[in-house]
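Report on the structure given below.
As the structure is a prediction and not an experimental result, all values here were calculated from the model.
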Amino acid sequence: SGGERILISVLSGFLAAFAVAMLLLPLNIKLVKRLKAGQPILSYVDNHKSKAGTPTMGGASIVLALMTALFFTRHNDRIAYIIVIVTVGYALIGFIDDFIKVRYKNNKGLSAVQKIIFQLLLAAMVSVYAYFSDSVGSAVFVPFAPKKIELGAFAPVYFIFIFLAFTNSVNLTDGLDGLAASVTATNTLFVCAIMGIGMAADVLYGDGTADMIVLSAAMCGACCAFLFYNTHPAQIFMGDTGSMALGGFLASVAVLGKMSLSMLLIGVMYIVSSLSVIIQVIAFKSTGKRVFLMSPLHHHFERKGVFEGKIATCYTLVTFVCGIVTVALMIVLY
């Protein structure tokens, strides 16, 4: 049946991406070491000085592993290719940033303005495509319910915001060993679940939705493989090459799957990371005092003496619980 074929494709995508990432990452580590492209550490993150020189740009292996899932997608729909192209595009932005950092041995990379310009250009292109696409248009689903909100001409602006929010929030979450990869692996697992529920309820349908589930499973598999080399003490970091790619991938699925609002709860730890930075900046500029010992929030906990592996585990567990709640609400309301 159609459901069984999709399930086989999903499992195949997960296993293929996992296997390819597991094969590529040792090569990735050796290549980066040979090129002496180790991660420079920000001066004020003094408790991470021991990590200086750790190989970076491991996100390249994640992206290459994701691409293997294209073999298991429906080739008569272009959405899978668009998602992969957009993911690669964001990975390239991150790669440029990483390259500047390792080339000039500092942790500044691209300026904030340069990053935003590149992100906006890519986000604008895919957002305009989504708006004029018959399969997406200007509607988004209400969280946890089979109802739509019509955004009209405001839709491209909203889509661009989603891209900026996801890419920068995932980037901010990537600050401890195993953190971004474990949260994203859990996130993509539940993206598969909520889109699968949408298909079962005939709210989401078509090859494009099936392909997004396959790609999400593949991203989950690639992140799981990455964790074998990225949990504390990390043998390799994903770098902005990886964090930008993960954010771009999640934003693409959120926009093209019309599930951006339904993905809010399972993405809560990304939101927390961004909000902690925003709160810290506003508080310091307005009062001269800091709310957190350091932002994003995971660094605050680290300064409090919490082991970074425990922080990553707690972030992942919160994401998992939020995923369970999201799925439960969708089952009840659908």
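- Put simply, the residue from Thr56, Thr167, Asn171 that forms a side-chain hydrogen bond (donor to acceptor under 3.5 Å, both in side chains) with Asp240 is Asn171.
- Under a cut-off of 6.0 angstrom, the local environment of CZ in Phe307 is crowded, with over 12 non-hydrogen atoms contributed by other residues, nucleotides or ligands.
- Asp97 has its side chain out of reach of Ile93: every pair of non-hydrogen atoms, C-beta onward, lies at least 4.5 Å apart.
- With a 6.0 Å radius and a threshold of 12 heavy atoms from other residues, nucleotides or ligands, Phe141 has its CZ atom above the threshold.
- Contact annotation: the side chain of Phe237 never approaches that of Asp174 to less than 4.5 Å [non-hydrogen atoms, C-beta and beyond].
- Using cut-offs of 30° and 60° on the angle between ring planes, the pair Tyr158 and Phe154 is tilted.
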*asked:* Before you tell me yes or no, could you show the steps for Ser182 and Leu227 under side chain to side chain contact (heavy atoms under 4.5 Å, CB included), namely the whole-Å CA-CA distance, both residues' side-chain angles and the distance that decides it to 0.1 Å?
replied: CA-CA 7 Å; Ser182 58; Leu227 285 169; 4.0 Å; yes
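- A donor-acceptor pair is defined here as one N or O able to donate and one able to accept, closer than 3.5 Å; such a pair exists between the side chain of His300 and the backbone of Leu293.
- With a 4.5 Å cut-off on side-chain heavy atoms, Tyr129 and Arg78 count as touching.
- A heavy-atom distance below 4.5 Å is not found between the side chains of Phe163 and Gln119.
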*Hey, mind stepping through Leu261 and Val142 against side chain to side chain contact (heavy atoms under 4.5 Å, CB included) and telling me if it holds?*
CA-CA 6 Å; Leu261 293 176; Val142 176; 5.9 Å; no
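- Taking a 6.0 Å sphere around OH of Tyr334, one finds it holds more than 12 heavy atoms contributed by other residues, nucleotides or ligands.
- Between the Gln280 side chain and the Arg290 main chain, no donor and acceptor come within less than 3.5 Å of each other.
- Of all the heavy atoms in Ser273 and Ser169, the pair that sits closest is CB-O, 4.4 Å.
- Between Asp177 and Thr231, every side-chain heavy-atom pair lies at or beyond the 4.5 Å cut-off.
- Note: Lys310 NZ to Leu317 CG = 11.5 Å, rounded to the nearest 0.5 Å.
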*Should Val183 and Leu179 be marked as a side chain to side chain contact (heavy atoms under 4.5 Å, CB included) after you check the CA-CA gap, both sets of side-chain angles, and the distance that decides it?*
CA-CA 6 Å; Val183 171; Leu179 184 60; 4.3 Å; yes
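- Both Tyr81 and Leu122 are members of a single hydrophobic cluster when ILVMFWY side chains are connected at heavy-atom separations under 4.5 Å.
- Taking each heavy atom of Ser216 and Val191 in turn, the nearest pair found is OG-CG1, 3.5 Å.
- Between Leu265 and Cys322, the shortest heavy-atom distance links the atoms O-CB, 3.4 Å.
- Formation of a donor-acceptor pair under 3.5 Å by the Asp211 side chain with backbone atoms of Ala80 is not found in this model.
- Atom NZ in Lys115 sits 13.0 Å away from atom CG in Leu164 (nearest 0.5 Å).
- No single ILVMFWY cluster, assembled from side-chain heavy atoms under 4.5 Å apart, contains both Leu7 and Leu204.
- Between Phe190 and Phe320, a ring centre-to-centre spacing shorter than 6.0 Å is recorded.
- With rounding to the nearest 0.5 Å, the separation of OG in Ser252 from CZ in Phe166 is 10.0 Å.
- Contact detail for Thr319 and Asn187: the closest heavy-atom pair is CG2-N, 4.1 Å.
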*For Phe228 and Phe18, what are the C-alpha separation, side-chain angles and deciding distance, and is it a side chain to side chain contact (heavy atoms under 4.5 Å, CB included)?*
CA-CA 11 Å; Phe228 275 81; Phe18 179 86; 3.8 Å; yes
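- The shortest non-hydrogen separation linking Met22 to Tyr229 is O-OH, 3.6 Å.
- Met269 places none of its side-chain heavy atoms less than 4.5 Å from the side chain of Thr173.
- The shortest distance between side-chain heavy atoms of Cys223 and Thr188 does not fall below 4.5 Å.
- If you chain together ILVMFWY residues whose side-chain heavy atoms come under 4.5 Å of each other, Phe284 ends up in a group of its own.
- With values rounded to the nearest 0.5 angstrom, Thr313 atom OG1 is found 11.0 Å from Glu308 atom CD.
- Contact annotation: the side chain of Val84 approaches that of Leu70 to within less than 4.5 Å [non-hydrogen atoms, C-beta and beyond].
- Transitive grouping of hydrophobic side chains (ILVMFWY, heavy atoms separated by less than 4.5 Å) keeps Leu23 and Leu25 in distinct clusters.
- In terms of heavy-atom proximity, Ala69 sits nearest to Ala218 at CB-CB, 3.4 Å.
- Interatomic distance, Leu35 CG to Arg103 CZ, rounded to the nearest 0.5 Å: 12.0 Å.
- Put simply, Phe301 and Leu172 are part of two different groups of oily side chains (I, L, V, M, F, W, Y) that touch within less than 4.5 Å, one to the next.
- When hydrophobic clusters are built by joining Ile, Leu, Val, Met, Phe, Trp and Tyr residues whose side-chain heavy atoms come closer than 4.5 Å, directly or via intermediates, Phe292 is grouped together with Tyr315.
- Here CD1 of Ile266 is found 6.0 Å from OG1 of Thr326. Values are rounded to the nearest 0.5 Å.
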